[in-house]
Structure formats: C-alpha cells, structure tokens
Amino acid sequence: MQDNPVALVTGANKGIGLQIAKDLAAHGFIVLVGSRNLEHGEKAAQSVAADAHAVQLDVTNQASIAAAAGRIRDEFGRLDVLVNNAGITHAGKPGRSLPEMAQSGRLSVVSLDELRTVWETNVFGVIAVTQAMLPLLREAPAGRVVNISSGGGSLAWNVDPTNPHRTMFGTYSASKTALNAITLAFAFDLESTGIKVNAADPGFTATDLNNNQGTGTVQEAAREPVRLALLGADGPTGTFSNVDGPVPW
Ligand code: NAP
C-alpha cells in the first residue's frame with residue numbers, strides 16, 4: 001500500500017481538473033489523472049508530477065469505472081480523495097458559443113437525448129464513480145469527496161429576478177442543482193463515517209467548456225476544490241462554496 005495519500009480526479013486531462021491534479025500533487029498526493037482517453041491522460045499526468053498516473057475512466061461507462069476502482073485497489077491499495085470534476089455543458093457539436101449552448105439547453109427545446117447525455121455525465125456519473133470508490137474511501141483515514149458544481153446551479157441565485165444569468169438556467173445548470181442535492185445526500189448518508197462530501201463552485205473559468213470565454217484562470221478555479229480536498233477532521237461536510245465562502249443552495 002502507498003504511504004502517501006492518493007487522490008483521483010475525474011476528467012483531469014485538461015481544464016480545471018488538470019489544475020486540481022497539479023495542486024494536489026504539490027500537496028503530497030499521488031495523483032491519479034482520470035481521463036476517458038488514456039493517451040490524453042498519460043500526456044497530462046506527465047505535466048502533473050513524476051509520480052502521477054493516468055487512469056482510463058469514462059464516468060458514463062460502468063465497466064470503465066469498475067476497472068478503474070479495481071486498478072486503484074490493486075496498484076495503490078488506497079484512495080483518500082475523490083474529485084468528481086468531469087462535466088459537459090451539452091452533447092452537440094463542439095465550438096458553439098455560450099449563447100448558442102444556453103439557447104439549445106433551454107428546457108422548452110432540448111431533446112431528451114441531449115438532456116440525458118448531459119445528466120449521465122454530470123449527475124449519474126458522479127453517483128456511479130462515488131459508489132465504486134466508496135469501499136476504498138471508507139478505508140482511508142480521512143476520505144474526502146469534492147464535487148465540482150457551479151454557481152449556475154444555485155437555486156437561490158437563480159430565483160432572484162435581477163440575476164442576469166437566470167435565462168441560462170437549463171439543461172446544464174439544472175444538472176448542477178441535481179449534483180448539489182446528490183452532494184447533500186452522500187454527505188448525510190456518510191455522516192457517521194468521517195468521509196466529508198462537499199461541492200465547489202470554481203467560478204466562470206476560461207476552459208474548453210465555454211470556448212475559453214470564462215473570465216477566471218484555472219489556478220483560481222482550483223483553489224476552492226483543493227481546499228475542500230484538504231479539509232481536516234474538524235472540517236464541514238455537506239457544504240457548497242466558492243473562494244469567497246458559502247454559496248446559497
Ligand atoms: P473542460 O476543460 O471541458 O474539461 C472537462 C473534462 O471533463 C475533460 O477532461 C473531459 O474529457 C472530461 N469529461 C467529459 N465527459 C467525460 C466522461 N464521460 N468521462 C470522463 N471524463 C469526461 O471543462 P472545465 O471547465 O475544466 O470543467 C471542469 C468542471 O468544472 C466541470 O464539471 C464543469 O461543469 C465545472 N465548471 C466549469 C466552469 C467554467 O467556467 N469552466 C464553471 C463552473 C463549473 P475529454 O477531454 O475527453 O472531453
């Protein structure tokens with residue numbers, strides 16, 4: 001078994017997940033770079049740390065999830081931190097502008113196929129990966145789960161009629177609301193175990209997710225998820241926060 005703590009970040013081959021992986025490695029974790037394309041993961045792992053490893057992991061594929069969990073047990077013998085970062089905004093053609101994505105994700109027009117694809121990754125994928133990794137997390141001295149949510153999923157922010165972004169509340173943002181509910185459900189379920197489950201809003205960040213139209217950097221975006229991954233025994237569970245503090249549900 002590894003002496004150093006082990007962290008798995010899903011969708012860590014690029015974007016915010018890659019930066020979270022780098023920051024956790026800098027904090028002494030053996031980082032497992034989850035990537036649905038193994039080659040992309042291997043390339044990314046080289047930029048994370050000498051002892052980082054790529055793990056093939058498609059969060060929508062049960063066989064891939066089970067194989068990843070088996071490999072982590074066999075090769076590393078432990079898992080201390082799981083960051084559920086993999087996410088998509090739409091299932092259509094890449095390169096669409098933000099307004100186009102928001103338009104096609106409106107509940108009045110979105111196809112159920114598209115909705116299911118987005119929720120399969122952002123919601124059911126998180127449940128499936130967390131369930132598969134729980135046996136290892138339960139054995140860890142300080143198991144931590146961090147779900148990468150979005151301020152766009154905050155119901156409290158979206159019910160405010162002065163919020164200019166509420167017109168974008170649709171397929172993607174509602175999936176993040178569901179992710180928030182799932183974060184709470186896991187947190188309550190695991191309260192007696194010492195495993196802490198929290199959701200982080202990374203902020204509007206320039207990545208491929210939004211054709212690099214975000215205003216923040218991946219370094220800024222990784223800060224809150226990494227803080228939650230490093231919570232001590234006295235840290236909270238079942239919270240939703242960004243770098244400025246708690247985000248209303
Ligand atoms: P990104 O650069 O597009 O990265 C998304 C990552 O998720 C990629 O590694 C992608 O892999 C992976 N992924 C997608 N579907 C997957 C699947 N089925 N299985 C495994 N991996 C999968 O986007 P990002 O901005 O870094 O997003 C990271 C997280 O932050 C997401 O959950 C997103 O919703 C959240 N977020 C982002 C922003 C923002 O402004 N950027 C704001 C709020 C929340 P491939 O390379 O194979 O596609």
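Atoms within each ligand, like the ligands themselves, are counted from 1 in listed order.
- Of the protein's non-hydrogen atoms, Thr205 N, 2.8 Å is the one closest to atom 40 (O) of ligand 1.
- Taking any N or O of Asn85, backbone or side chain, at least one lies under 3.5 Å from an N or O belonging to ligand 1.
- Contact annotation: the side chain of Val226 approaches that of Ile20 to within less than 4.5 Å [non-hydrogen atoms, C-beta and beyond].
- At under 3.5 Å, a nitrogen or oxygen of Val59, whether backbone or side chain, sits near a nitrogen or oxygen of ligand 1.
- Partners of Arg166 according to the side chain to side chain donor-acceptor pair (under 3.5 Å) rule, which considers only residues two or more places apart in sequence or in another chain, do not exist here.
- Annotation: Glu139, atom CD; neighbour count of heavy atoms from other residues, nucleotides and ligands within 6.0 Å is above 12.
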Candidate pair Ser241 and Leu228, rule side-chain contact (heavy atoms from CB on, under 4.5 Å), full reasoning: CA-CA 9 Å; Ser241 55; Leu228 292 170; 3.9 Å; yes
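- In this structure, the protein non-hydrogen atom closest to atom 12 (C) of ligand 1 is Gly11 CA, 3.7 Å.
- Contacts of Asp58 with ligand 1, taken as heavy-atom pairs under 4.0 Å, involve both backbone and side chain.
- Of all atoms in ligand 1, numbered sequentially from 1 with element shown, those under 4.0 Å from a heavy atom of Leu57 are 19 (N), 20 (C).
- Using a 4.0 Å cut-off to heavy atoms of Thr121, the atoms of ligand 1 that qualify are 15 (N).
- With ligand atoms numbered from 1 in the order given, ligand 1 contributes 40 (O) to contacts under 4.0 Å with heavy atoms of Phe204.
- Once rounded to the nearest 0.5 Å, the distance linking CZ of Arg144 with CG of Leu137 reads 10.5 Å.
- Side-chain contact, Asn37 with Ser35: no donor N or O sits under 3.5 Å from an acceptor N or O.
- The CG atom of Asn210 lies 7.5 Å from the OG1 atom of Thr205; values are rounded to the nearest 0.5 Å.
- The protein atom (non-hydrogen) at minimum distance from atom 42 (C) of ligand 1 is Gly203 O, 3.3 Å.
- For atom 22 (C) of ligand 1, the closest non-hydrogen atom of the protein is Ala86 CB, 3.5 Å.
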Would Ile127 and Phe186 count as a side-chain contact (heavy atoms from CB on, under 4.5 Å) if you check the C-alpha gap in whole Å, the side-chain angles of each, and the deciding distance to 0.1 Å? CA-CA 9 Å; Ile127 300 172; Phe186 269 120; 4.2 Å; yes
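- Judged purely by atom type and a 3.5 angstrom limit, Lys196 uses its side chain to pair as donor or acceptor with the backbone of Gly235.
- In Lys176, the part holding a heavy atom less than 4.0 Å from any atom of ligand 1 is the side chain.
- Using a 4.0 Å cut-off to heavy atoms of Ile88, the atoms of ligand 1 that qualify are 14 (C), 15 (N).
- Note on ligand 1: Gly214 sits outside its first shell, no heavy atom being nearer than 4.0 Å.
- A donor-acceptor pair is defined here as one N or O able to donate and one able to accept, closer than 3.5 Å; no such pair exists between the side chain of Arg71 and the backbone of Phe76.
- Within the 4.0 Å heavy-atom criterion, the part of Ser149 lying near ligand 1 is the backbone and not the side chain.
- To the nearest 0.5 Å, atoms CG (Leu155) and CZ (Phe169) are separated by 5.0 Å.
- Protein heavy atom in closest approach to atom 5 (C) of ligand 1: Gly87 O, 3.8 Å.
- Backbone and side-chain nitrogen or oxygen atoms of Asn37 are examined, and none is located within less than 3.5 angstrom of a nitrogen or oxygen of ligand 1.
- Of all protein heavy atoms, the one closest to atom 25 (O) of ligand 1 is Thr207 OG1, 2.6 Å.
- Distances shorter than 4.0 angstrom occur between a heavy atom of Arg36 and an atom of ligand 1.
- Within ligand 1, the atoms closer than 4.0 Å to a non-hydrogen atom of Ser150 are 43 (C), 44 (C), numbered from 1 in the order shown.
- The main-chain N or O of Pro236 is found under 3.5 Å from a side-chain atom of Asn198 such that the two form a donor-acceptor pair.
- The nearest protein atom to atom 33 (C) of ligand 1, hydrogens excluded, is given as Tyr172 OH, 3.5 Å; this is a heavy-atom distance.
- Here the rule is side-chain hydrogen bond (donor to acceptor under 3.5 Å, both in side chains) with Asn84, and of Thr10, Asn147, Thr183 only Asn147 fits it.
- The distance criterion of under 3.5 Å between nitrogen or oxygen atoms is met by Ile16 with respect to ligand 1.
- An N or O contact shorter than 3.5 Å is missing between Asp201 and ligand 1 by distance.
- Of the N and O atoms on the side chains of Gln56 and Ser64, at least one donor lies less than 3.5 Å from an acceptor on the other residue.
- Close approach of ligand 1 to Ile148 (heavy-atom distance below 4.0 Å) involves ligand atoms 29 (C), 30 (O), 32 (O), 35 (C).
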Would you sort out whether Leu18 and Val218 count as a side-chain contact (heavy atoms from CB on, under 4.5 Å), showing the intermediate values? CA-CA 9 Å; Leu18 176 57; Val218 289; over 6 Å; no
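- Counting protein heavy atoms only, atom 37 (C) of ligand 1 is closest to Leu209 CD2, 3.5 Å.
- Each of the following atoms of ligand 1 lies closer than 4.0 Å to a heavy atom of Asn210: 39 (C), 40 (O), 41 (N).
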